[in-house]
Novice: 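Okay, here's the structure, questions in a sec.
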Amino acid sequence: MPPSRPVLYLAGPEVFRPDAVAEGARLKALCTARGLEGVYPLDGPLDADASAIRQRCIDAIERASAVLANISPFRGPHMDPGTAFELGYAQARGRPLFLWSVDARPLRDRIPAVGAGLRDAAGDLIEDFGLSENLMITPPGAVVHTAPEAAIAAAAACLLGRSR
């Protein structure tokens with residue numbers, strides 16, 4: 001029996017796209033081309049209830065070698081909250097994280113400041129560490145790739161011990 005490929009859980013808001021299943025297949029094919037097995041949140045029954053979907057995602061992270069996450073802004077200046085949960089869960093379970101975003105600008109450039117200082121329209125401070133997402137998601141030194149292909153290549157290099 002050949003050795004199994006490292007499993008990469010594919011987190012992100014792609015599951016909400018009109019072409020969600022096709023996009024999942026595309027991401028999984030990118031993983032396969034790099035010697036990885038991609039696991040997508042929509043793998044399995046599409047008519048499952050909320051509890052079943054949540055558990056399926058947690059179970060997939062449990063069996064994953066690492067997590068690839070799309071942290072692009074989603075419905076506002078920040079990433080998808082479900083993806084944020086998955087990243088926190090994966091990190092707590094010791095999984096390596098590989099991040100990508102179509103908008104890697106610092107938060108201060110994505111959230112409009114109003115008046116003096118870095119305050120938003122509600123008067124709340126805009127995080128200004130030069131990071132593309134909250135510091136809990138992208139700590140200093142974290143690499144945020146600009147496309148899934150680059151993040152998958154980085155995951156393959158790490159998990160397989162070589163670049164392919």
Novice: Taking atom CG of L107 and atom OG1 of T138, what is their separation to the nearest 0.5 Å?
Specialist: 7.0 Å
Novice: Measure the CD-CD1 distance between E86 and I58 for me, rounded to the nearest 0.5 Å.
Specialist: 8.5 Å
Novice: For the residue pair P112 and P77, establish whether any side-chain heavy-atom pair is separated by less than 4.5 Å.
Specialist: no
Novice: Say whether F74 and Y9 are linked into one hydrophobic cluster, either directly or through other cluster members, by side-chain heavy-atom distances under 4.5 angstrom.
Specialist: no
Novice: Regarding N70 and S72, do their side chains bring together a donor and an acceptor under 3.5 Å, going by distance alone?
Specialist: yes
Novice: Quick check: does any side chain N or O of R110 sit under 3.5 Å from a backbone N or O of R105, one acting as donor and the other as acceptor?
Specialist: yes
Novice: Rounded to the nearest 0.5 Å, what separation is found between the CD1 atom of I126 and the CZ atom of R119?
Specialist: 9.0 Å
Novice: Using the rule that Ile, Leu, Val, Met, Phe, Trp and Tyr join whenever any side-chain heavy atoms are under 4.5 Å apart, tell me whether F85 and V39 fall into a single cluster.
Specialist: yes
Novice: Would you say R56's side chain and P41's backbone share a donor-acceptor pair under 3.5 angstrom?
Specialist: yes
Novice: What heavy-atom pair brings L10 and G38 nearest, and what distance separates the two atoms?
Specialist: CD1-CA, 4.1 Å
Novice: Using modelled atom types and a 3.5 Å cut-off, is there a donor and acceptor pairing between side-chain atoms of S65 and backbone atoms of V7?
Specialist: yes
Novice: Name the one of D103, I71, L99 that satisfies side chain to side chain contact (heavy atoms under 4.5 Å, CB included) with E133?
Specialist: I71
Novice: Under the criterion side-chain hydrogen bond (donor to acceptor under 3.5 Å, both in side chains), I'd like the reasoning laid out for E23 against Y40: C-alpha separation, chi angles, the key distance, then a yes or no.
Specialist: CA-CA 10 Å; E23 180 60 9; Y40 190 58; over 6 Å; no
Novice: Please report the interatomic distance CG(L87) to CZ(R95), rounded to the nearest 0.5 Å.
Specialist: 13.0 Å
Novice: Flag the pair E62 and R93 as a salt bridge only when some basic side-chain nitrogen lies within less than 4.0 angstrom of an acidic carboxylate oxygen.
Specialist: yes
Novice: Given the rule that I, L, V, M, F, W and Y join up when any side-chain heavy atoms are under 4.5 Å apart, are L36 and L27 in one cluster?
Specialist: yes
Novice: Step by step, work out the side-chain hydrogen bond (donor to acceptor under 3.5 Å, both in side chains) result for D49 and S51.
Specialist: CA-CA 6 Å; D49 66 17; S51 293; 4.7 Å; no
Novice: So does L97 get a backbone contact from the side chain of Q91, meaning a donor-acceptor N/O pair under 3.5 Å?
Specialist: no
Novice: Taking M79 as the starting point, is it possible to reach L131 by hopping between hydrophobic residues whose side chains are less than 4.5 Å apart?
Specialist: no
Novice: What about I53 and V21, same hydrophobic cluster or not, with Ile/Leu/Val/Met/Phe/Trp/Tyr joined at side-chain heavy-atom distances under 4.5 Å?
Specialist: no
Novice: Nearest 0.5 Å, please: how far is CD1 in I111 from NE2 in H78?
Specialist: 4.0 Å
Novice: Does V114 sit in a hydrophobic cluster with other residues, and if so which ones, taking ILVMFWY side chains as linked at heavy-atom separations under 4.5 Å, directly or through other members?
Specialist: none
Novice: Please list, one pair per line, the donor and acceptor atoms closer than 3.5 Å that link side chains of residues 141-159 to other protein atoms, with sequence neighbours excluded.
Specialist:
from: E149; atom 1: OE2; to: R26; atom 2: NH1; distance (Å): 3.2

Novice: Contact between R63 and E37 at the side-chain level, heavy atoms closer than 4.5 Å - yes or no?
Specialist: yes
Novice: Show the numbers, then the answer: is there a side chain to side chain contact (heavy atoms under 4.5 Å, CB included) between F16 and R75?
Specialist: CA-CA 11 Å; F16 300 109; R75 298 181 180 154; 4.3 Å; yes
Novice: Kindly indicate whether the side chain of R5, heavy atoms from C-beta on, has any atom under 4.5 Å from the side chain of L160.
Specialist: no
Novice: Can you tell me how far apart CG (D59) and CZ (R54) are? Round to the nearest 0.5 Å.
Specialist: 10.5 Å
Novice: Where the side chain of D80 meets the backbone of T83, is there a donor-acceptor pair that is under 3.5 Å apart?
Specialist: yes
